[in-house]
Amino acid sequence: MYKLIGLYLLAVVGIFVEPEFLGSAGNLVFKLLILAGISYLVYEQWNTKPEYDEPEAIQPEKEIPAAVPEPVFDTIPAHLAAVFNTNDELKQFLLNQFSVYWNYTLPQNGFLLYQNGSEKIQILEQRTNSTLHLPENGFTALIALLGQNEGILIENNLGDAGGIFPFYDLTEYQPQSLLAFRSQLDAQQVLYWFFDADGSNYFNLQDKPLLLQINTNTIFAVRESLKNQGLIDNSKEALHLSNLAHQLNQAQNFEQCIDIFTDFIIKEFEASKLTIAIRKADGESATIRKSIGIDDSYKAGATFRLDEGLHGWVILKNKPYLIDNIDKGEYFIPRFSRSEKTNFSLRSFLSVPLQNENEAFGMVSLENKNEDKYTENDKSRLISFSTILASAFRRFKDNKIKIGE
């Protein structure tokens with residue numbers, strides 16, 4: 001501000017003041033000094049102007065990536081084998097597709113296989129003129145060979161094929177040509193198509209694009225059917241969860257919750273034994289609150305340590321266990337205690353923890369005398385149901401109602 005005032009005063013002096021005693025030469029020098037002063041103040045004012053007077057640098061606009069829409073809901077994939085129970089048209093469609101391949105290529109033998117994750121392979125269709133001796137892992141080598149060829153394989157000179165066809169009597173029939181491809185339905189479910197013939201150069205390599213197109217159409221049709229069935233299954237499952245939650249919400253105490261939950265579970269799953277146990281205050285053992293099924297040593301009211309058997313490990317490690325056969329292997333796996341000598345012929349084992357925040361306070365177990373009785377889908381469903389029971393536990397705990405009153 002003082003610089004502006006100085007400019008104003010120098011301008012006034014320069015215009016109106018003319019000292020006569022200096023004479024004409026002195027006045028000229030005086031005017032030059034005034035002009036120099038004004039020039040200096042103008043320079044200083046320019047050199048010290050505020051930052052906001054400077055032009056702002058123009059920043060380039062940042063490119064904002066398009067937002068990825070969140071899925072509205074997740075659809076649990078339907079299992080093809082389960083869909084066959086309610087959808088005869090889908091199974092007939094696959095058999096018709098098998099007939100298309102068969103009639104187009106006219107092989108000696110053909111197989112349509114289905115596998116879901118690590119589950120055993122199911123044969124959906126087979127046509128053969130040869131004697132078969134199908135071991136459990138009879139198609140393992142064929143599937144591995146197909147996996148090395150990006151899902152489709154035409155091989156017209158097999159030579160010694162005994163290694164990949166262990167189910168044929170090679171003294172009777174020796175395949176020399178192979179046509180195979182895979183239909184990947186989702187991350188877990190896959191169809192395998194195998195056709196073979198006894199002559200070399202039997203299958204035409206030029207047919208590969210057409211066969212791939214038929215396979216693509218098959219995958220699309222089956223996926224749409226599975227998606228529709230998945231929506232139906234999700235709707236039913238949501239209704240089940242809602243009904244269970246409603247029933248448990250009417251319970252007067254936790255014992256009643258366990259009774260309601262037990263009645264619900266035995267309608268949803270087949271089991272030779274159902275066990276529900278709750279962790280004791282010592283944190284090192286649990287008490288069985290419900291036991292239904294075979295008559296073994298561990299009934300309602302029995303106590304077991306958490307570090308000695310399968311049921312305890314579920315609580316101790318706070319993780320679900322799905323075992324296809326607890327008697328498989330050279331070592332005996334106890335169900336409850338190291339002192340056990342038998343598993344009462346039980347094989348399949350599925351158990352999930354009851355969780356309170358990040359800690360397990362109990363578990364729900366299903367056991368069956370048949371091997372491979374329970375699947376990953378069964379595990380997911382039991383986790384969902386048990387989560388609702390755990391919520392009921394928290395309701396009584398938060399309301400300071402003693403469990404069992």
Side-chain angles (χ1 to χ4, degrees), residues 79-85 87-185 189-219 221-222 372:
H79 289 185
L80 185 63
V83 174
F84 287 159
N85 296 329
N87 190 339
D88 292 335
E89 290 81 5
L90 179 59
K91 186 170 185 178
Q92 189 58 51
F93 168 77
L94 286 175
L95 297 182
N96 290 342
Q97 292 298 94
F98 185 88
S99 295
V100 169
Y101 294 127
W102 181 273
N103 294 329
Y104 187 79
T105 59
L106 297 176
Q108 183 81 15
N109 305 293
F111 303 90
L112 171 57
L113 314 177
Y114 167 72
Q115 187 173 28
N116 182 29
S118 60
E119 295 180 9
K120 290 182 179 179
I121 292 174
Q122 299 180 42
I123 300 178
L124 300 182
E125 178 71 331
Q126 68 178 47
R127 297 183 189 178
T128 178
N129 298 310
S130 305
T131 302
L132 293 180
H133 307 282
L134 281 172
E136 183 177 341
N137 58 348
F139 293 97
T140 302
L142 275 174
I143 291 174
L145 182 62
L146 180 57
Q148 298 171 7
N149 289 271
E150 300 181 353
I152 186 167
L153 172 65
I154 297 178
E155 178 58 59
N156 282 316
N157 189 15
L158 292 173
D160 184 7
I164 59 175
F165 293 98
F167 42 83
Y168 289 143
D169 182 353
L170 298 182
T171 62
E172 173 189 311
Y173 169 75
Q174 292 197 17
Q176 293 299 308
S177 296
L178 170 67
L179 166 63
F181 48 92
R182 179 179 63 229
S183 301
Q184 192 74 46
L185 305 179
Q189 301 184 88
V190 60
L191 295 170
Y192 297 103
W193 314 72
F194 296 110
F195 303 93
D196 61 75
D198 56 0
S200 299
N201 299 312
Y202 191 89
F203 299 110
N204 192 347
L205 289 172
Q206 296 178 350
D207 293 336
K208 186 175 180 179
L210 176 61
L211 295 172
L212 281 173
Q213 185 60 53
I214 297 174
N215 190 37
T216 300
N217 295 340
T218 302
I219 293 173
V222 176
D372 297 304

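Residue numbers run from 1 in the order of the sequence given.
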Distance in Å, Phe181 CZ paired with Leu212 CG, rounded so as to fall on 0.5 Å steps: 8.5 Å
Nearest-0.5 Å distance that lies between atom CZ in Arg127 and atom CG in Asn109: 12.0 Å
Where Pro107 and Asp196 come nearest, the two heavy atoms and their spacing: CB-O, 3.4 Å
How many angstroms lie between atom OG of Ser177 and atom CG of Leu179, to the nearest 0.5 angstrom? 10.0 Å
Could you check Asn215, Thr216, Asn217 and say which one makes a side-chain hydrogen bond (donor to acceptor under 3.5 Å, both in side chains) with Gln213? Asn217
Please check: side-chain N/O of Asn156 versus main-chain N/O of Phe203, any donor-acceptor pairing under 3.5 Å? yes
Can you establish whether the number of heavy atoms outside Gln206 located under 6.0 Å from its atom CD is more than 12? no
Mind telling me whether Phe98 and Trp193 have parallel, tilted or perpendicular rings, with 30° and 60° as the class edges? parallel
Of the non-hydrogen atoms in Ala141 and Gly163, which two are nearest, and what is the gap between them? CB-O, 3.6 Å
Nearest atoms (heavy-atom pairs only) where Gln189 meets Gln184: O-NE2, 3.5 Å
List the atom of Asp198, the atom of Tyr173, and the distance in Å for their closest heavy-atom pair. CB-CE1, 3.4 Å
Stepwise side-chain contact (heavy atoms from CB on, under 4.5 Å) check, Thr105 with Asp207: CA-CA 9 Å; Thr105 59; Asp207 293 336; 5.6 Å; no
Walk me through it: do Leu145 and Gln148 pass the test side-chain contact (heavy atoms from CB on, under 4.5 Å)? CA-CA 5 Å; Leu145 182 62; Gln148 298 171 7; 4.2 Å; yes
Going from CG on Leu95 to CG on Leu124, what distance comes out if it is rounded to the nearest 0.5 angstrom? 7.5 Å
side-chain contact (heavy atoms from CB on, under 4.5 Å), that's the test. Do Leu94 and Leu80 meet it? Break it down for me. CA-CA 11 Å; Leu94 286 175; Leu80 185 63; 4.1 Å; yes
Atom of Tyr101, atom of Thr218 and distance for their closest heavy-atom approach: OH-OG1, 4.0 Å
Could you measure the distance from the CG atom of Leu170 to the CZ atom of Phe165? Nearest 0.5 Å is fine. 10.0 Å
Tightest non-hydrogen contact, residues Leu146 and Ile152, listed as CD1-N, 3.7 Å
Which residue, Phe194, Tyr192, Phe195, Phe167, forms the ring pair (Phe, Tyr, Trp, His ring centres under 6.0 Å) with Phe111? Phe167
Side-chain touch Pro175/Gln108, heavy atoms, less than 4.5 angstrom: no
Working to the nearest 0.5 Å, report the span between CG of Asp160 and CD of Gln174. 7.0 Å
Non-hydrogen side-chain atoms of Gln126 and Leu132 separated by less than 4.5 Å: yes
